[in-house]
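Heads up: the structure comes next, in structure tokens.
Every chain is numbered from 1 and lettered A, B, ... according to where its sequence line falls, protein lines coming before strand lines.
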Amino acid sequence: MTETRPRLRKSPYPLWFFIPAAIVYGVLFLVPTVSSLWFSLTRWDLSTAEFIGLENFQQFFSEPFLVKGLVNTLIYAVTTSGLKTVCGLLLAVLLTSNIFARGFLRTLVFFPVLVSTIGIGITFTVMMHPTKGIINVTLETLGIPGPGWLTDPGLALFSVALVDLWKGVGLATLIFIAGLAAISPDYYEAARIDGATRLQQFFRITLPLVRPATITVVTLSLIGGLRSFDLIWAMTRGGPGFSSDVIASVIYKQYQAGFYGLSTAGNVILFALIAAIILPLTLWFNRRGVEE
Amino acid sequence: MTHPIKCILAGASAFLALVAASPSQAETTLSFLIDNNPDTVAAAEALVAAYQAKAPDVTIEIEQRPGGGEGDNIIKTRLATGEMSDVFLYNSGSLLQALKPTQTLVDLSGLSSQAKVDEGFKAVVRADGKVYGVPFGTAMAGGILYNRKIYQDLGLSVPKTWADFMANNAKVKASGKVAVAQTYRDTWTSQLFVLADYYNLHAAVPNFAADYTANKAKYAETPAAMKGFERLKDVHDAGLMNEDFGAASYDDGLRMVSTGEAAHYPMLSFAVSALKQNYPENLADVGFFAQPGDDAAINGLTVWMPPALYIPTSSQHAEETRKFVDFAGSVEGCKVMVETNAVQGPSLVDGCDLPADVPPAIKDMLPYFEAKDKTTPALEFVSPVKGPALEQITVEVGSGIRQPAEAAKLYDDDVRKQAKQLGLPNW
């Protein structure tokens with residue numbers, strides 16, 4: 001422990017080597033962060049900013065739909081993150097096994113990641129149209145009355161989450177494939193010799209050893225889910241009414257209305273929320289990693 | 001080896017010649033920012049072409065921006081950063097006030113064209129006694145577009161009261177057609193039953209706008225103001241709407257009412273331009289009436305003022321720009337615009353008469369304007385207060401998600417937020 005300090009002093013790089021990085025970090029991260037903290041305390045119309053203390057935060061929390069937006073954000077993040085992790089892992093296991101047309105299937109699963117989110121949103125909006133969309137038309141021919149995927153207030157958020165899963169599962173699969181490839185085949189060989197079943201191999205070898213990949217997928221998809229905006233905006237604009245509003249869309253609406261200080265306050269809240277969820281989670285993951 | 005050098009020399013001398021020649025031509029290039037609605041683009045292009053024929057030394061370049069909230073952001077950001085074009089098109093009324101015209105815009109009170117501009121219009125582009133804009137296009141109204149063929153076939157007459165309207169709707173529904181088209185994919189279209197009811201509200205509570213601005217009157221506490229929300233619910237509860245109302249778009253609504261799929265579509269009369277473009281063969285089948293209220297004797301139109309042209313103080317060519325704007329506001333400029341697009345209502349420039357062949361929906365509007373006290377400007381033109389969430393709230397009421405009383409309360413909260421952000425007194 002005492003070794004670290006002398007080692008720092010002996011660093012072969014002079015201090016000014018850090019200046020370029022510090023400037024980039026300062027200009028692109030520190031200045032906007034600090035100034036948004038300041039602007040969140042003002043009534044701001046882009047030209048003049050009047051200091052009003054915590055009024056924006058008070059307003060934001062009394063916003064009738066903030067609470068709903070908050071709950072929706074959590075539901076959306078947990079749903080998409082959970083589904084992406086489970087489906088991604090299963091697909092990765094499938095796509096690393098010896099199946100027919102493996103390369104093609106991998107491409108197929110990854111393809112939606114490459115398509116523009118707005119494009120996907122618009123396409124699915126058309127497909128999920130309650131009377132003319134291909135999904136409900138197909139269901140109808142099978143004799144099943146299709147729901148209003150995006151127009152039923154109880155369903156809209158989950159419909160968007162499903163599309164998000166379809167779009168994002170390719171990336172999760174890719175990370176899991178990389179994680180699976182890193183597991184030495186020796187383990188499986190040993191397990192097979194000991195007579196372990198496929199299921200046992202999965203739970204006793206694959207799942208524990210693919211842990212770093214799981215952590216990456218969960219963290220990334222959770223952050224993505226918490227700040228997701230583009231897909232929701234393209235598909236429902238937070239509607240019908242406010243039923244699929246998330247924090248990011250509430251913030252955007254304040255910005256649209258010209259309430260710049262208020263929407264900045266919303267961004268600070270979103271920042272705090274993500275930090276409050278992801279930071280303990282990462283610490284917990286890392287600690288468990290060390291313990292093992 | 002000599003070839004490239006020759007080329008460079010030739011190029012350089014050509015460049016020098018250009019640089020030397022340009023000041024003597026004294027040509028001014030003005031930038032003109034408009035929204036990307038096809039009608040606006042057509043009118044702006046016609047206006048620019050007409051002006052350039054008169055002033056050949058001026059070149060006007062049209063820039064387009066998206067409409068709606070996104071467009072508002074562009075306008076506000078560019079004004080705040082001093083990057084605004086020499087002249088721009090933007091809403092009049094409460095949205096203009098949010099731009100702080102006294103600080104950001106050039107006073108246009110002195111333009112010679114202002115002498116013929118309607119006083120009612122000047123009121124909605126005025127701040128601190130100065131006029132900041134000239135009208136772009138004609139006035140329009142909020143009300144109900146109806147299919148005249150369905151009315152003929154079913155023997156219906158234009159309703160004067162809400163009860164008559166609902167009776168008509170019941171007959172239309174019985175005939176197997178959609179009675180009221182609603183298009184909540186484009187959420188702004190859901191507000192019409194509330195906004196176009198303002199004439200009726202104003203007739204019942206004449207000081208509502210002033211009290212509302214001063215934080216003395218509330219939607220939730222004014223029965224006449226609640227009516228708009230209640231009417232939305234009436235229509236939903238009676239099952240009069242198209243099955244896909246939650247996913248249908250503005251254009252679906254226009255198609256339904258013009259082709260006879262639906263009998264009614266609550267809308268602003270500016271839709272007539274879009275009808276003319278998209279469904280020209282059905283244009284004659286569409287009529288228009290004011291939103292009916294409780295009393296047949298009180299039946300009038302809620303009127304929307306057109307957007308206006310403004311000059312930002314940041315313009316480097318204020319003098320040339322003033323001349324162009326003056327032309328746009330003149331009788332001649334008004335005629336250019338009126339001849340380019342479908343007329344949406346009466347002209348706001350004295351002497352700029354409407355063409356004889358206006359579509360029937362517009363003809364239906366004109367008697368209201370000719371009679372006394374049959375029109376009133378929409379609330380957003382007489383009060384700076386308009387909550388941004390109204391369209392989501394009206395979607396909820398119209399879809400049966402929320403009850404009118406609760407919706408009105410919610411809207412009052414939304415309005416309070418906006419008033420506070422504007423820094424209005426008494427809030």
Side-chain angles (χ1 to χ4, degrees), chain A residues 42-50 52 55-56 58-60 62-66 68 122 125-133 136 146-156 233 235-245 249-250 252-263 265, chain B residues 68-82 94-95 97-100 103-104 184-188 190 242-249 252 386-402 406-407 409-414 416-418 420-423:
Chain A
T42 62
R43 185 180 293 131
W44 180 30
D45 63 3
L46 293 183
S47 50
T48 52
E50 180 198 344
I52 52 167
E55 211 177 285
N56 281 331
Q58 198 190 336
Q59 173 66 49
F60 213 92
S62 65
E63 182 87 355
F65 291 102
L66 183 79
K68 181 153 185 139
I122 293 171
T125 310
V126 173
M127 286 164 56
M128 289 177 165
H129 189 284
T131 53
K132 289 179 279 188
N136 278 6
W149 297 100
L150 299 172
T151 52
D152 180 339
L155 200 61
W233 197 255
M235 292 183 72
T236 63
R237 292 197 178 81
F242 305 88
S243 56
S244 62
D245 256 333
S249 65
V250 174
Y252 185 72
K253 283 180 192 167
Q254 308 312 312
Y255 178 57
Q256 246 187 357
F259 308 157
Y260 301 107
L262 189 62
S263 62
Chain B
E70 209 179 323
D72 286 3
N73 271 334
I74 290 173
I75 296 278
K76 284 174 188 160
T77 316
R78 288 185 62 172
L79 265 182
T81 52
S94 63
L95 285 171
Q97 298 304 329
L99 297 186
K100 305 211 164 150
Q103 291 164 29
T104 56
Y184 296 164
R185 168 80 195 148
D186 292 314
T187 44
W188 62 269
S190 68
N242 40 315
E243 199 190 339
D244 61 349
F245 67 89
S249 66
D252 289 328
K386 185 180 183 244
L390 179 61
E391 48 194 273
Q392 280 87 30
I393 296 171
T394 46
V395 164
E396 288 195 319
V397 178
S399 315
I401 304 175
R402 193 179 293 276
E406 207 192 323
K409 228 177 253 160
L410 194 61
Y411 183 52
D412 284 333
D413 284 344
D414 192 44
R416 179 177 311 115
K417 172 171 77 177
Q418 194 239 8
K420 273 189 169 170
Q421 290 286 327
L422 285 179

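With a 4.5 Å cut-off on non-hydrogen atoms, A/Tyr255 touches chain B through its backbone and its side chain both. Using a 4.5 Å cut-off between heavy atoms, B/Thr394 does not touch chain A at all. Using a 4.5 Å cut-off between heavy atoms, A/Pro153 touches chain B through its side chain atoms alone. Looking at B/Ile393, both its backbone and its side chain come within 4.5 Å of chain A, counting heavy atoms on both sides. Of the two parts of A/Asn56, only the side chain, counted from C-beta on, holds a non-hydrogen atom closer than 4.5 Å to a non-hydrogen atom of chain B. At a 4.5 Å heavy-atom cutoff, A/Ser62 makes no contact with chain B through either its backbone or its side chain. Of the two parts of A/Glu50, neither the backbone nor the side chain holds a non-hydrogen atom closer than 4.5 Å to a non-hydrogen atom of chain B. If you measure heavy-atom distances from B/Gln418 to chain A, the contacts under 4.5 Å come from both the backbone and the side chain.
When all heavy atoms are compared, the tightest approach of A/Gly241 to B/Val395 is N-CG1, 3.6 Å.
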Residue pair A/Thr151, B/Tyr184: steps toward the side chain to side chain contact (heavy atoms under 4.5 Å, CB included) verdict:
CA-CA 9 Å; A/Thr151 52; B/Tyr184 296 164; over 6 Å; no
Run the side chain to side chain contact (heavy atoms under 4.5 Å, CB included) test on A/Lys132 and B/Asp252 for me, step by step, so that the C-alpha distance in whole Å, both residues' side-chain angles and the decisive distance to 0.1 Å come before the verdict.
CA-CA 12 Å; A/Lys132 289 179 279 188; B/Asp252 289 328; 4.1 Å; yes
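Residues A/Glu63 and B/Lys417 have side chains in contact (heavy-atom distance under 4.5 Å, counting atoms from C-beta outward). You'll find the side chain of B/Gln421 stays beyond 4.5 Å of the side chain of A/Tyr260, heavy atoms only.
Taking B/Arg185, B/Glu243, B/Lys420 one by one and counting their heavy-atom pairs under 4.5 Å with chain A, the maximum is reached by B/Arg185. Counting heavy-atom pairs closer than 4.5 Å to chain A, the top residue among B/Asn73, B/Thr187, B/Asp244 is B/Asn73. The greatest number of non-hydrogen atom pairs below 4.5 Å with chain A, out of B/Gly387, B/Ala247, B/Ala248, is found for B/Ala247.
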